[in-house]
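Beneath this line is the structure, given in structure tokens, with notes to follow.
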Amino acid sequence: MTISPVDFASLLCSRLCHDLLSPVGALNNGLELLNDETDPEMRARCLELLNESARTSANKLKFFRLAFGAAGGFGERVDVREARQAVEALLGDNKRLNLQWMVEATELPKAAVKVLLNLALIAGDTLVRGGTVTIGTEESAEATEIVLRAEGPRIVLDPDLRTTLTEGPADDSAVAPRAAAAFLVHQLVGEAGGSVVVSEPVDGALLFGAALPHR
């Protein structure tokens, strides 16, 4: 399947706007409440909510800048600390999610970092009642391998996202904004000549794996 650069850009922008709509909307609502509120205690609460919404918006923007954009520069490799900070910020906004970071490398190929970030986004979304996302990588002379484990009391992965990750969508019309991260993972891994695997949920855990051969 092929998709035009314009359509692909639109897909990513739609996903970004969808995820930012809630915290930015909360900012707007909080400002309106603050304008009408005179009680000092309630004004303090409004300011607390505004700070939380602003932090969430900033964290999402930082994450998407690295996961979807050109953050990290135009070199072939990216400092892993940037990826960790982005994932910690994104998952940290959800008080029910925990991160276990098992990446020992100090830098990774840019494509691998983008795959890691987008898989982390998908893994976090599957944990509808919270849980833990564990991320690990291994780099050899032949390939970079990425493994994520999503563990929690309830795991839900949309079948369309699973198919997009491992096989790609059947046609252009099948690509929806919610599948932007899955489609990007599929494209990046496919361009490297690699593969993506997703397990079935077993004992409250779901595994995602991606291998990107070096060329």
Side-chain angles (χ1 to χ4, degrees), residues 8-73 78-101 103 110 113-135 148-158 161 175-185 206 208:
F8 194 24
S10 298
L11 181 72
L12 297 183
C13 287
S14 293
R15 173 62 198 252
L16 187 150
C17 291
H18 174 273
D19 280 29
L20 287 175
L21 184 60
S22 178
V24 172
L27 277 172
N28 183 64
N29 293 336
L31 288 171
E32 290 180 354
L33 289 173
L34 194 62
N35 287 333
D36 297 333
E37 189 57 65
T38 58
D39 181 75
E41 186 174 337
M42 290 302 297
R43 286 181 64 86
R45 177 56 178 160
C46 285
L47 287 173
E48 182 181 335
L49 292 174
L50 285 171
N51 286 332
E52 183 177 337
S53 297
R55 184 178 63 253
T56 298
S57 300
N59 286 341
K60 287 182 179 294
L61 283 171
K62 290 176 183 177
F63 180 88
F64 284 123
R65 181 170 173 261
L66 189 59
F68 288 169
V78 175
D79 191 326
V80 168
R81 289 175 297 181
E82 290 188 58
R84 180 172 185 173
Q85 290 169 2
V87 176
E88 286 178 338
L90 182 76
L91 299 183
D93 287 329
N94 187 332
K95 303 300 188 296
R96 298 180 299 174
L97 291 177
N98 299 308
L99 172 66
Q100 294 290 331
W101 188 261
V103 180
K110 177 174 285 188
V113 169
K114 289 188 178 296
V115 169
L116 183 155
L117 291 172
N118 282 279
L119 284 178
L121 175 62
I122 296 168
D125 287 345
T126 67
L127 298 172
V128 295
R129 293 182 181 171
T132 300
V133 176
T134 302
I135 302 175
L148 289 89
R149 176 186 174 94
E151 186 174 10
R154 188 178 180 212
I155 300 175
V156 178
L157 177 61
D158 189 313
L161 295 188
V175 184
R178 63 184 171 78
F183 182 71
L184 182 56
V185 169
L206 178 67
F208 299 85

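Just so you know, these numbers come straight off a predicted model, no measurement behind them. Residue numbers run from 1 in the order of the sequence given.
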* Asked: Glu32 and Asn28: side-chain contact (heavy atoms from CB on, under 4.5 Å), yes or no, with the steps?
  -> CA-CA 6 Å; Glu32 290 180 354; Asn28 183 64; 3.5 Å; yes

* Structure fact -> The single option from Val133, Leu157, Leu116 that satisfies side-chain contact (heavy atoms from CB on, under 4.5 Å) with Phe208 is Leu157

* Under 4.5 Å between any side-chain heavy atoms of Val115 and Val185, yes or no? -> yes

* Compare every heavy atom of Ala150 with every heavy atom of Ala123, then report the nearest pair and how far apart it is. => O-CB, 4.0 Å

* Of all heavy-atom pairs between Ala83 and Leu117, which one has the smallest distance, and what is that distance? -> O-CD2, 3.7 Å

* Asked: Looking at Phe68 and Lys114, what are the two nearest heavy atoms and their distance?
  -> C-NZ, 4.0 Å

* To do: Please round to the nearest 0.5 Å and tell me the distance separating atom CG of Leu66 and atom NZ of Lys62.
  => 12.0 Å

* Return the minimal non-hydrogen interatomic distance between Asn118 and Ala67, and the atom names on each side. => ND2-O, 3.3 Å

* Val156 and its side-chain contact (heavy atoms from CB on, under 4.5 Å) partner, picked from Val128, Leu127, Thr126 -> Val128

* Structure fact -> Distance col, row Leu50:CG vs Arg45:CZ, nearest 0.5 angstrom, shows 10.5 Å

* Going from CH2 on Trp101 to CZ on Arg81, what distance comes out if it is rounded to the nearest 0.5 angstrom? -> 12.5 Å

* Kindly give the heavy-atom pair with the smallest separation between Pro153 and Gly130, and that separation in Å. => CD-O, 3.3 Å

* Structure fact -> Output for pair (Glu151 CD, Leu206 CG), nearest 0.5 Å, gives 11.0 Å

* CG of Leu91 to CG of Leu99: how many Å apart, nearest 0.5 Å? -> 5.5 Å

* Show your reasoning for whether side-chain contact (heavy atoms from CB on, under 4.5 Å) applies to Asp125 and Arg178. => CA-CA 11 Å; Asp125 287 345; Arg178 63 184 171 78; over 6 Å; no

* Check whether any side-chain heavy atom of Val103 sits under 4.5 Å from a side-chain heavy atom of Arg84, and report yes or no. => no

* Asked: So do Glu52 and Arg55 actually touch side chain to side chain, heavy atoms under 4.5 Å?
  -> yes

* Structure fact -> Here the gap from Ile135 atom CD1 to Leu148 atom CG, rounded to the nearest 0.5 Å, amounts to 4.5 Å

* Can you name the residues that form a side-chain hydrogen bond (donor to acceptor under 3.5 Å, both in side chains) with Asn51, not counting sequence neighbours? -> none

* Asked: Run the side-chain contact (heavy atoms from CB on, under 4.5 Å) check on Leu90 and Lys60 step by step: do they pass?
  -> CA-CA 6 Å; Leu90 182 76; Lys60 287 182 179 294; 4.3 Å; yes

